[in-house]
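Hydrogens, waters and symmetry mates are skipped; everything else that's a heavy atom, side chains included, is used. Reminder, nothing fancy here: chain letters follow the sequence lines and each chain counts from 1.
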2 protein chains.
Amino acid sequence: MTKPRSRRGGGRPTIADVARKAGVGAITVSRALREPGRVSEDLRRQIQAAVDELGYLPDPNARALASARAEVFGVLVPSLTNSVFAEVLRGIYDSLSDSSYRIQFGNTHYSGLEEERLLQVFGPQRPAALIVAGIDQTPISRRLLETAGCPVVQVMETGPDPVDMMVGFSHFDGGRAATEHMIEMGYRRIGFIGARMDPRSQRRLAGYRAAMEAAGLFDARLVTTTPVPSSVTLGRELFRDALAKVPTLDGVFCNNDDIALGALFECHRASIAVPKTIGITGFNDLDMMEVAFPSVTSVRTPRYEIGRLSVAMALAAIAGKRPQDPVVDLGFELKCRESTSR
Amino acid sequence: MTKPRSRRGGGRPTIADVARKAGVGAITVSRALREPGRVSEDLRRQIQAAVDELGYLPDPNARALASARAEVFGVLVPSLTNSVFAEVLRGIYDSLSDSSYRIQFGNTHYSGLEEERLLQVFGPQRPAALIVAGIDQTPISRRLLETAGCPVVQVMETGPDPVDMMVGFSHFDGGRAATEHMIEMGYRRIGFIGARMDPRSQRRLAGYRAAMEAAGLFDARLVTTTPVPSSVTLGRELFRDALAKVPTLDGVFCNNDDIALGALFECHRASIAVPKTIGITGFNDLDMMEVAFPSVTSVRTPRYEIGRLSVAMALAAIAGKRPQDPVVDLGFELKCRESTSR
DNA sequence: GATACAACTGGTAGCGCTACCATGACGTAC
DNA sequence: GTACGTCATGGTAGCGCTACCAGTTGTATC
């Protein structure tokens, strides 16, 4: 019958302790913390004093259970080591760091099945929002997202049919712009080199192909791809393969900067003049592309901005202020540098 | 008085629904799910059937509240874009992906204050384990870790006084080994170039200094550092600074591979022969160092393995099987390549 | 046949918080 | 003065799950 003082909880102060100390009801403490405007100035101060004195911190688990809503953002990316996603994550993180939201992340490893599994894990927790990379979810994933009961932002790409909201840019246009630039600079036998070949890479390839066909330059033998994960080492190998296949190659549009760097290093090693004999273009415009020798032309993609904006949109949606246009195209910028200026 | 059917929860099946359908008590369902061994074969099958039929998924928030333990690993790293931490995260992730643990991460931005704040956010949630980068926590952070009531693994470095467990290697030894190698190869005026200069960088510098002093080669003017975050671009600038300061420079030990790459590119640009005129050594051995031209000597660090092992140790501790030695040194490996072979 | 013990199962009572509804104290309008 | 809204506050009843303890059954032991 005597109060069985908190047998499980490690004896941390609870909202009831604060309420007792402040001489108010527990619910008033709860309100003072979550909606200060709805509690009188006086009580608010009193409660704050009690909170400070006891060192009270609300239990997020109890909160989540009672309100059927966890203060958690779920983030699903296909890779952690790909610095592109690392920057998206950084943008997400920075935009959330002064809120009380926590971030939970999942690595889909470019697998639709894994994505489904992760959504199944994230869902029951009732996250405040979900941010997922890509727009090619499986039907099951789509349904899971649609029924998640929280704002959903698909990032990295834009497309016609958002689950809820989208922030990204057109990989097709990026690929096309890069290729058109090389054609303009006088390159003719321009190869495409790509690894991993996820949906976004596929669309860059499609953009490349569109540009090449429009110029009457397309030749299937110019395309060298592999499903193997991308790396600088692999870039070097693929470049060698491409050159062996088409000795007249005079340029390469690389699916990403790692591949481009591998190609560049191989050119150095084989004493192939860049940009004179062979032009090189990358994708993403990592920091090092500008510093490389010669500096490498690349498509600058707004990765960090995608992260930031996706959070801003999710936060707005949580607050009930949905954007008029749920799809935001942040564009890209072609950075023309030495590696294609002959 | 009539059952007010689940007014908040979106009508998902609860453990009570499963229990009713299976004709058992709720607690038995709970046990069948968490400790199958303690429930008879018969009931287990019956319960599983009910679970499958209803599509029941336990509510992690309710679980966390009732058991005072969330199935969450908290991970604190100082940076997301530094690929070193990205690989640690990947290791952590891969080791946890077939468990039901979720991963919550925090970015301390190399700030002790921010680390304290994050621990304060993570703590009340009662995570299953905490993994934090570094061993130089502030006294407040240390206390928060000690009182977290869960296994704690400090990663990246080893040291004498773990909060709980540690997995890493000696940055001092790594810095010394790299420097000794350069001395052995005949370099004399070997500079140290470092950005960010977090505690680990400081220890690499100390290792460099120890090696240089032991050989009677140390000269304070050889050291060029900045608190600015590291990047390839910055590496190039620092290298130029170092060379301007000490024109007789014949080698550089770079605090990390980004810096080394910046130095290498600058050598190309300025037609400085590597390794003949100047030798270059990096730290971490990113994939690209082997492919670079010339390939770059670097200290290979077990980043992915650190992530994996930290989880393995935490999981063992959760299961009550603490390792006999709470500190594991995974070592490093000096990769000698063209950039220092003159 | 009584006793002891293990193996299994269930009831009860919370975990710490918030949704919902009720209450009382004020205004304001008529 | 009565009716009605608004504001500030509180009580009650869960949210969905598990810790704790109790009860039941079956089996081994003497």
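A side-chain donor from one of B:S30 and B:R34 sits under 3.5 Å from a side-chain acceptor of the other. Between the side chains of B:E114 and B:T108, no donor-acceptor pair is found at a separation under 3.5 Å. In this structure, a donor-acceptor pair under 3.5 Å is absent between the side chains of A:Q46 and A:D42.
Atom-to-atom, CG of A:N61 to C1' of D:dG16 comes out at 13 Å; the value is rounded to the nearest Å. Between the CD atom of B:Q125 and the C1' atom of C:dC15 there is a distance of 16 Å, rounded to whole Å. When rounded to the nearest whole Å, the span between CZ of A:R126 and C1' of C:dC17 equals 15 Å. For the pair A:R20 CZ and C:dG16 P, the interatomic distance rounds to 12 Å; values are reported in whole Å. Following rounding to the nearest Å, B:R63 (CZ) and C:dC17 (C1') show an atom-to-atom distance of 20 Å. When the P atom of D:dA19 is taken as reference, atom CG of B:L33 falls 13 Å away, rounded to whole Å. A:R44 has its CZ atom 14 Å from the C1' atom of D:dC7, to the nearest Å. Spacing between atom CZ of B:R38 and atom C1' of D:dT18 amounts to 12 Å, rounded to whole angstrom units.
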Would you be so kind as to tabulate the donor-acceptor pairs closer than 3.5 Å made by side chains of residues 315-325 of chain A, with sequence neighbours excluded?
unit_1, atom_1, unit_2, atom_2, d
A:R322, NH1, A:D164, OD1, 2.8
A:R322, NH2, A:D164, OD2, 3.4
A:D325, OD1, A:V327, N, 3.0

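Contact of A:R12 with C:dG16 (side chain to base): no donor-acceptor pair of N or O atoms is detected under 3.5 Å.
Side-chain N/O atoms of B:R34 include one lying less than 4.0 angstrom from OP1 or OP2 on D:dA19. Taking side-chain N and O atoms only, A:S67 has no distance below 4.0 Å to OP1 or OP2 of D:dC15. In terms of phosphate contacts, A:T28 brings a side-chain nitrogen or oxygen within less than 4.0 Å of OP1 or OP2 of D:dG10. Of the side-chain N and O atoms in A:S30, one or more sit less than 4.0 angstrom from OP1 or OP2 of C:dT18.
Tested against B:Q137 for a side chain to side chain donor-acceptor pair (under 3.5 Å), the candidates B:R142, B:Q154, B:E116 yield a single pass: B:Q154.
Among D:dC17, D:dA19, C:dC17, the nucleotide with an atom closest to any side-chain atom of B:I27 is D:dA19. Checked against C:dC15, C:dC8, D:dC17, the side chain of B:A62 finds its nearest nucleotide in D:dC17.
Remark on DNA chain C: of its neighbouring residues A:R31 and A:A16, the 5'-side contact belongs to A:A16, judged by nearest-heavy-atom nucleotide. Between A:G25 and B:D59, the residue anchored closer to the 5' end of DNA chain D is A:G25, taking for each the nucleotide with the nearest heavy atom.
Taken from OG in B:S141 to CG in B:L118, the straight-line distance is 9.0 Å, to the nearest 0.5 Å.
A ring-centre distance under 6.0 Å is not found for A:F73 and A:F105.
Rounded to 10°, the helix from C:dG1-D:dC30 to C:dC30-D:dG1 has 40° between the axis fitted to its first five pairs and the one fitted to its last five.
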